[in-house]
Amino acid sequence: MGGWLLLLDLAITHVVARGRQTLVAIAGVSLGVGFSIAMAALLHGSQEDFVDQLINAIPNVQISDERREAQRQPAQDVFADAQIENLSPRDDPRGIRNPVAMTSAIRAVVDGNVSEALTTQGVIRYAGRDTGVSLSGVVPEHELSVSKIGGDMTEGLLTDLNNRADAVVLGDNLVRSINAKLGDPITVVSPSGDVHRYRLVGIFNSGNNTADSSTGYLHLSTAQVFAGRPNAVNDIRIALNDPDSAPVVASWLEAQFGYKSVSWQEANQAILESFIVRDVIMYTVVAAILLVAGFGIYNIISTITHEKTRDIAIMKSLGFYERDMRRLFVMEGLAMGIGGSALGAVLGALLTVALGQIEFVNPESDDPITIRMTFSVIHYSIAIGIALGSAVFAAYMPASKASSLNPVDIIRGAT
Amino acid sequence: MALLEAKNATRILDETIKVTLVDNVSMTVGPGEFVAITGPSGSGKSSLLYLLGLLDLPTAGDVLVKGEATHDMTSDERARIRLQELGFIFQFHFLLPEFTARENVMLPMRRLAKLPARAQHERAGDLLASLGLEGHIDKRPDQLSGGQRQRVAVARALANDPALILADEPTGSLDSKATEQVFGILQNLVDISGRTILAVTHDMDLAARMDRRIHLVDGALESDGAAAGA
Ligand SMILES: Nc1ncnc2c1ncn2[C@@H]1O[C@H](COP(=O)(O)OP(=O)(O)O)[C@@H](O)[C@H]1O
Ligand SMILES: [Mg+2]
């Protein structure tokens, strides 16, 4: 349309005539957009890093032999009319029922790996002192496919559990506290009081202090003997090829089998919710930065409208509409917003790359640490969207004031 | 039908002390007339012209353009009439400083967007050439003399081929040679092109050369007629 082209022509002459001030306004917007993008990339990068660690630390989905709600007791059904309360179910040493059928059913439908385990408590006797230990009985090949334990082994291998029935793998802190070394005998007392002698075939360091000082692995069949629960499994761990699908998979499994199935997201709900709060804080800061950048635009549009009152008056007297004038100056502000956003997007990308390349020395290890940065179109869209919004807002106020002036007042004053 | 008509047009400045700029003026202007609005300084000549040109609203009475009452129109509708039916020339040229003579003349044409761009370009050049500005078409206002600028302003007033031209002391800031030139152009627009012009002037010699004189005193119409000076 011709009208817009005309306004564009006029806008260009105004903006060009105020070149230096325009550049300052554009620079303000581009700095705002650029740093906002880099900040979002940094924040979300570190969040993703953290989430990866969360995903690795615990199974994507963990099924235990508990139920979310206490099961109805047969007595409640039989004596339906009587009020029966506080019935507790019989201790069930079998754990998850039909674990073999259930794990193979899960393997058939779930896109990922499954490890069945019997986790039990024991006490290690050493030099007259008792140390509690949580022992997971696992099938090493299965466990390796769902956890990072394989990479955490500092001595021996998890698969060494296959080699002898009395093999045990322990966390390194625990091993140190009982002053043991690979090949040493370890005495563990079971919950029922039986004393078992095992042989230390492997040591791991997971990086998690609590786990390293209080957990260990047995072969599943060894653990079943240790706990006196033949064929029992009380813990099924699942690693999904798509960890994001964990909540859906978990609730499906829970509906299917009745056992409490917890996704990693549910287990870390509080942390994941805190990410939302952090996002809100970040985008509030982004909006504030870009609103301040908008002041530069407000400033220059005000200057231009003051300088051009005579031109505005004559154009209005020639027959331009009030809204033509308003559009003209809003377009000028928007043009600065667009220019600033384009430069800001480039600046943001450069900052993101640059920050991602900085290496920090980690005193604990030889590997230098780099900051993880996330690239996301959403970061760019939000920053640019807010920048353009505040540019239009900043230009609208002086534009609206200038466009409503009465041409007669100006014409009279000029003659 | 009258091209322009004022019906008891009154303009009172609404401040604490009421200043009456235009006092109950009624008049009509027909096609082809060359009308002078005269009167002492401060008598309300400009104020009347602003009312007749729909730049200002009467506080009482009305102004009719081609028989249509304008007081109750929206500001957009009045702007539309200014763009299409009226041409303005002020004492000060009011050209946009960043644009060339041609671009300034094209401005109302581009806003109206009736002619294709090519035709607008040509028409602006033709108008400027017809006012003796062949060599100055692509110059900016600051490269032109006062008389040349005022002729560019005349060309701009003619851009959309308006029925009526309103001029407020169009030669007020020009020397006698340029005054003669610009006045001659206006005269030709009436005599040769058959246009209608309403021009404020306090130059009684120029007024005497026009067809009709409307004389104001204190915002009120004191006399109206061809006989005033003759
Ligand atoms: N905004 C205003 N406030 C106060 N007085 C004004 C204002 N505008 C015009 N006037 C006064 O109104 C009168 C008419 O002004 P004007 O129409 O410009 O007269 P002219 O063009 O005949 O010299 C003058 O006395 C002028 O000073
Ligand atoms: Mg005047």
Side-chain angles (χ1 to χ4, degrees), chain A residues 1-22 300 303-329 331-332 335 399-415, chain B residues 11 13 21 46-47 49-51 53-57 74-100 103-117 120 140 153 156-157 159-160 162 166 168-170 172-173 200:
Chain A
M1 200 196 127
W4 287 104
L5 259 177
L6 172 57
L7 294 183
L8 189 65
D9 259 12
L10 290 163
I12 289 169
T13 61
H14 290 173
V15 169
V16 167
R18 285 252 148 219
R20 207 157 40 123
Q21 224 180 330
T22 302
I300 181 167
T303 309
I304 291 175
T305 54
H306 278 114
E307 240 172 27
K308 295 294 178 190
T309 39
R310 221 178 235 192
D311 292 8
I312 297 166
I314 192 63
M315 283 190 274
K316 283 187 79 174
S317 71
L318 288 177
F320 281 68
Y321 294 171
E322 204 166 306
R323 65 167 174 273
D324 292 331
M325 297 293 100
R326 204 164 46 227
R327 281 176 185 164
L328 168 63
F329 295 108
M331 263 169 73
E332 291 174 15
S400 174
K401 187 163 169 247
S403 64
S404 65
L405 65 80
N406 184 359
V408 167
D409 294 339
I410 312 301
I411 290 166
R412 213 188 262 286
T415 33
Chain B
R11 177 70 165 94
L13 263 190
L21 304 180
S46 295
S47 301
L49 199 79
Y50 298 150
L51 290 181
L54 313 188
L55 289 173
D56 200 6
L57 271 180
T74 65
S75 67
D76 281 0
E77 284 169 330
R78 282 196 300 276
R80 188 81 194 167
I81 292 177
R82 290 201 296 276
L83 186 66
Q84 258 176 314
E85 312 286 356
L86 307 177
F88 290 96
I89 305 164
F90 301 101
Q91 182 177 350
F92 183 77
H93 60 78
F94 279 124
L95 299 174
L96 301 191
E98 299 92 349
F99 289 94
T100 64
E103 287 166 342
N104 268 288
V105 175
M106 283 173 70
L107 202 60
M109 299 188 218
R110 293 184 70 182
R111 180 61 193 86
L112 187 62
K114 219 171 177 177
L115 292 177
Q120 293 175 11
R140 277 182 294 133
R156 183 181 60 191
N160 287 333
L166 301 165
D168 192 356
E169 311 210 20
S173 56
V200 168

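Each chain gets a letter, A, B and so on, in the order its sequence line appears, and its residues count up from 1. Keep in mind the model is a prediction, meaning the values are calculated, not measured.
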Find out whether B:R110 and A:L5 are in side-chain contact, i.e. whether some heavy atom of one side chain is under 4.5 Å from a heavy atom of the other. yes
Are B:F92 and A:I411 close enough, and set up right, to give a side chain to side chain contact (heavy atoms under 4.5 Å, CB included), and what steps lead you there? CA-CA 8 Å; B:F92 183 77; A:I411 290 166; over 6 Å; no
Given side chains that start at C-beta, do those of A:D311 and B:E98 come closer than 4.5 Å, heavy atoms only? yes
Tell me, for B:S47 versus chain A, whether the close heavy atoms (under 4.5 Å) come from the side chain, the backbone, both or neither. both
Nearest 0.5 Å please: distance from the CZ atom of B:R82 over to the CZ atom of A:F320. 11.5 Å
Could you tell me the separation between the CG atom of B:L96 and the CE atom of A:M315, rounded to the nearest 0.5 Å? 5.5 Å
Tell me, side chain or backbone of B:R78 under 4.5 Å from chain A's heavy atoms, or both, or neither? neither
Where do B:R111 and A:D324 land on the side chain to side chain contact (heavy atoms under 4.5 Å, CB included) test, with the steps shown first? CA-CA 10 Å; B:R111 180 61 193 86; A:D324 292 331; 2.6 Å; yes
List the steps and the verdict of side chain to side chain contact (heavy atoms under 4.5 Å, CB included) for A:I314 and B:R156. CA-CA 11 Å; A:I314 192 63; B:R156 183 181 60 191; 3.7 Å; yes
For residues B:D76 and A:Y321, report the shortest heavy-atom separation together with the two atoms involved. O-CE2, 3.4 Å
Between A:K308 and B:P97, is any pair of side-chain heavy atoms under 4.5 Å apart? yes
Counting C-beta onward and ignoring hydrogens, is there a side-chain heavy-atom pair between A:S317 and B:F90 closer than 4.5 Å? yes
Are A:L6 and B:M106 close enough, and set up right, to give a side chain to side chain contact (heavy atoms under 4.5 Å, CB included), and what steps lead you there? CA-CA 10 Å; A:L6 172 57; B:M106 283 173 70; over 6 Å; no
What is the distance from atom CG of A:D409 to atom CG of B:D56, rounded to the nearest 0.5 Å? 8.5 Å
Looking only at heavy atoms, the pair that brings B:L107 and A:L318 closest together is CD2-CD1, 4.3 Å
